[in-house]
Amino acid sequence: MKKMTIRALLDEYRKYLHHDITVNGWVRAFRSNRFIALNDGSTINNLQIVVDFENFDESLIKNISTASSLKITGEVVESQGSGQTIEIIAKKIEILGDNDTEELQHTILQPKKHSLEKLREQAHLRFRTNLFGAVFRVRNAVSFAIHSFFNERDFFYVNTPVITGADAEGAGEMFGVTNFDLNSLPKTEDDKVDFAEDFFGRKTNLTVSGQLEAEAAAMGLGRVYTFGPTFRAENSNTTRHLAEFWMVEPEVAFNNLEDNIDLAEDFLKYVIQYVLDHCKDDLAFLDKRFEEEQKTKPQKDRATQGLIEKLETVVKQRFKRVSYTEAIDILRDSKENKKGKFQYLIDEWGADLQSEHERYLVEKHFESPVVLFDYPAKIKAFYMRLNEDGKTVAAMDVLFPGIGEIIGGSQREERLSVLKNKMAEMGVDGEELWWYLDTRRFGSVPHAGFGLGLERLVLFVTGMTNIRDVIPFPRTPGNAEF
Ligand code: ATP
Ligand code: MN
């Protein structure tokens, strides 16, 4: 008999009415020795299995409990009860795995409400919960939509290295990669660690961004994007930072800053619309969770919109485009700044924006996603294109409600001499990046790109608040269990 998922069965149940089918899954609940709610992870919806206990061994029935796994064959019938369209009248039940009932008491599989912290400690089991099933199915849909967006627009997916020879890509602190026996490190004559003796014959790190390599690819393939894991050894214990996260980085030859902003806006709207269209059941569940969470917050911190409503608004709104200079004026004149409510007060042009400022602009002032552009050169990376004013660069950040920065990007400096000057000024080693400079030596063209943190987008679409809850096995300072 053909194996099928519960999602496929529920979607096309008419095809199977009064036929025998086989399903596999885990027991979510077993009521009155008669009704099993079976879930196989393919959908948030459970399948109801009706068991006539007279037809089965008593010992078999006894061994069925929450969390045990079953293979069931039976007839598909229209359901008598409310709450489901169909149910399966069980003819054959096979227990694939029963439970260590004693140990089960200490796990999150125990059917009651568990805190998100507790669920995080048992990250290997949280896939079994409604909440994390929904989150990870939505995460999958987001990833799929990302590939499909770029594929529809003539972009090529390129894979950039995870282990990199560069040690200053300008994006953040790096994790070193070594094959040395740390208890006996080879030393050079001046008593430094001799990386020439290491596996790659040089010092290597985990990548913080695939951008520089993606730029090289765009200088031949035209439109490319990377989508892979990136690593940052920043010791920031926030709800928006991971030490290992997934980044999407398009890089486009012949694009300028405005094209780049258009691309970012289209891209975000496409992915969010895709989730609205394809994850209805999971979103409905997450929407309800979001609403309940709001009720636990003080009135002033509550979201003004529900989750689905928020997503629908974002795809309809035109993102506000505001220069850094305008933003500084708005922030400087804000009530928050004047009354000293910001932790970091804004008094001068040139200040780096903190997330409190980004969120003020998005949530209080504009009440819309905001794209900030033309930042001071001093606070941005060496590869961003210098504007004619000589003091700002063609950078852009997309800021989202509840999240802050979701995308950071720029038009890149394509002029070799300007780039070299900038690198010297910022102390970036031009010798080491000889290959990057080559892309400006032979047929250099204007180009632009950005980086999106996948988990920040998943946070936004799921309405979750901690980034540790939207990646299966989070890596943060002090945490690398599993
Ligand atoms: P932030 O200011 O929020 O720390 P950043 O300016 O260091 O971010 P970029 O180098 O511009 O970030 O990286 C591009 C995108 O990658 C960001 O817009 C964000 O979505 C995501 N990102 C950056 N750092 C992290 C992190 N530690 N964990 C998860 N996502 C991140
Ligand atoms: Mn940034």
Side-chain angles (χ1 to χ4, degrees), residues 139 142-143 146 160 164 166 168-175 206-212 214-215 225-251 260-261 263-265 267-268 271-272 319 324 344 351-359 361-362 369-373 375-376 378-384 393-412 448-462 464-480:
R139 184 183 164 111
V142 168
S143 297
I146 288 167
T160 51
T164 166
E169 286 165 350
E173 285 298 304
M174 303 183 101
F175 287 103
L206 290 178
T207 185
V208 290
S209 153
Q211 180 201 317
L212 303 190
E215 281 186 58
Y225 70 106
T226 71
F227 186 175
T230 46
F231 307 85
R232 296 196 183 173
E234 46 201 6
N235 213 339
S236 41
N237 241 317
T238 76
T239 54
R240 301 176 308 117
H241 289 90
L242 290 162
E244 176 180 300
F245 64 100
W246 286 66
M247 186 137 71
V248 180
E249 295 178 275
E251 197 62 47
N260 203 36
I261 298 174
L263 181 71
E265 183 166 347
F267 169 64
L268 288 166
V271 175
I272 294 167
F319 297 178
Y324 167 89
Y344 296 87
D352 205 352
L353 299 185
Q354 306 295 325
S355 97
E356 57 179 345
H357 307 127
E358 299 174 343
R359 296 188 57 173
L361 292 169
V362 173
V370 173
V371 187
L372 291 186
F373 60 90
Y375 281 78
K378 285 213 175 67
I379 59 170
K380 289 288 183 184
F382 73 90
Y383 48 72
M384 299 189 177
V393 286
M396 56 94 137
D397 276 3
V398 182
L399 313 178
F400 258 31
I403 306 285
E405 181 187 330
I406 195 161
I407 279 180
S410 66
Q411 184 175 338
R412 318 305 189 188
F450 60 78
L452 163 90
L454 175 71
E455 288 76 14
R456 297 227 180 137
L457 181 53
V458 179
L459 271 182
F460 185 72
V461 295
T462 57
M464 300 296 286
T465 45
N466 192 321
I467 200 161
R468 293 165 183 77
D469 295 331
V470 296
I471 186 165
F473 298 105
R475 300 286 176 255
T476 52
N479 290 302

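Atoms within each ligand, like the ligands themselves, are counted from 1 in listed order. Quick note: residue numbers are just sequence positions, from 1.
With Thr238 as reference, His241 is the one residue of Arg240, Glu234, His241 to meet the side-chain hydrogen bond (donor to acceptor under 3.5 Å, both in side chains) rule.
Taking only nitrogen or oxygen atoms, main chain and side chain alike, Leu452 does not reach within less than 3.5 Å of ligand 1. An N or O contact shorter than 3.5 Å links Gly453 to ligand 1 by distance. Residue-to-ligand polar distances keep Glu455 apart from ligand 1: every N/O pair is separated by 3.5 Å or more. Considering backbone and side-chain atoms together, Phe245 places no N or O closer than 3.5 Å to any N or O of ligand 1.
Shown here for Thr239 and Arg468, the closest heavy-atom pair between the two residues is CA-NH1, 4.2 Å. Across Val362 and Phe400, no two heavy atoms sit closer than the pair CG1-C, 3.6 Å. Nearest approach of Tyr344 to Glu356, heavy atoms of both residues: N-OE2, 2.7 Å. Minimum interatomic distance between Met384 and Ser410 (heavy atoms only, all atoms of both residues): CG-OG, 3.3 Å.
Ring pair Phe231/Phe175 is perpendicular by interplanar angle, where above 60° counts as perpendicular and below 30° as parallel. Taking the six-membered ring where tryptophan is involved, the planes of Phe450 and Phe267 are tilted, since the angle between them lies from 30° to 60°.
Numbered from 1 in the order shown, with element, the atoms of ligand 1 that lie under 4.0 Å from a heavy atom of Ile467 read 29 (C). Residue contact check: Ile407 has heavy atoms under 4.0 Å from atoms 18 (O) of ligand 1.
Residue-level proximity to ligand 1 for His241 is carried by backbone and side chain together, each with a heavy atom below 4.0 angstrom. Neither the backbone nor the side chain of Asp397 comes within 4.0 Å of ligand 1, counting heavy atoms alone.
By the 4.0 Å heavy-atom criterion, Val208 is excluded from the residues contacting ligand 1. Using 4.0 Å as the threshold, Met247 has a heavy atom nearer than that to some atom of ligand 1.
Nearest-heavy-atom check against atom 15 (C) of ligand 1 across Ala395, Ala243, Gly451, Gly409 picks out Gly451.
Tyr383 and Glu215 share no side-chain donor-acceptor pair at under 3.5 Å.
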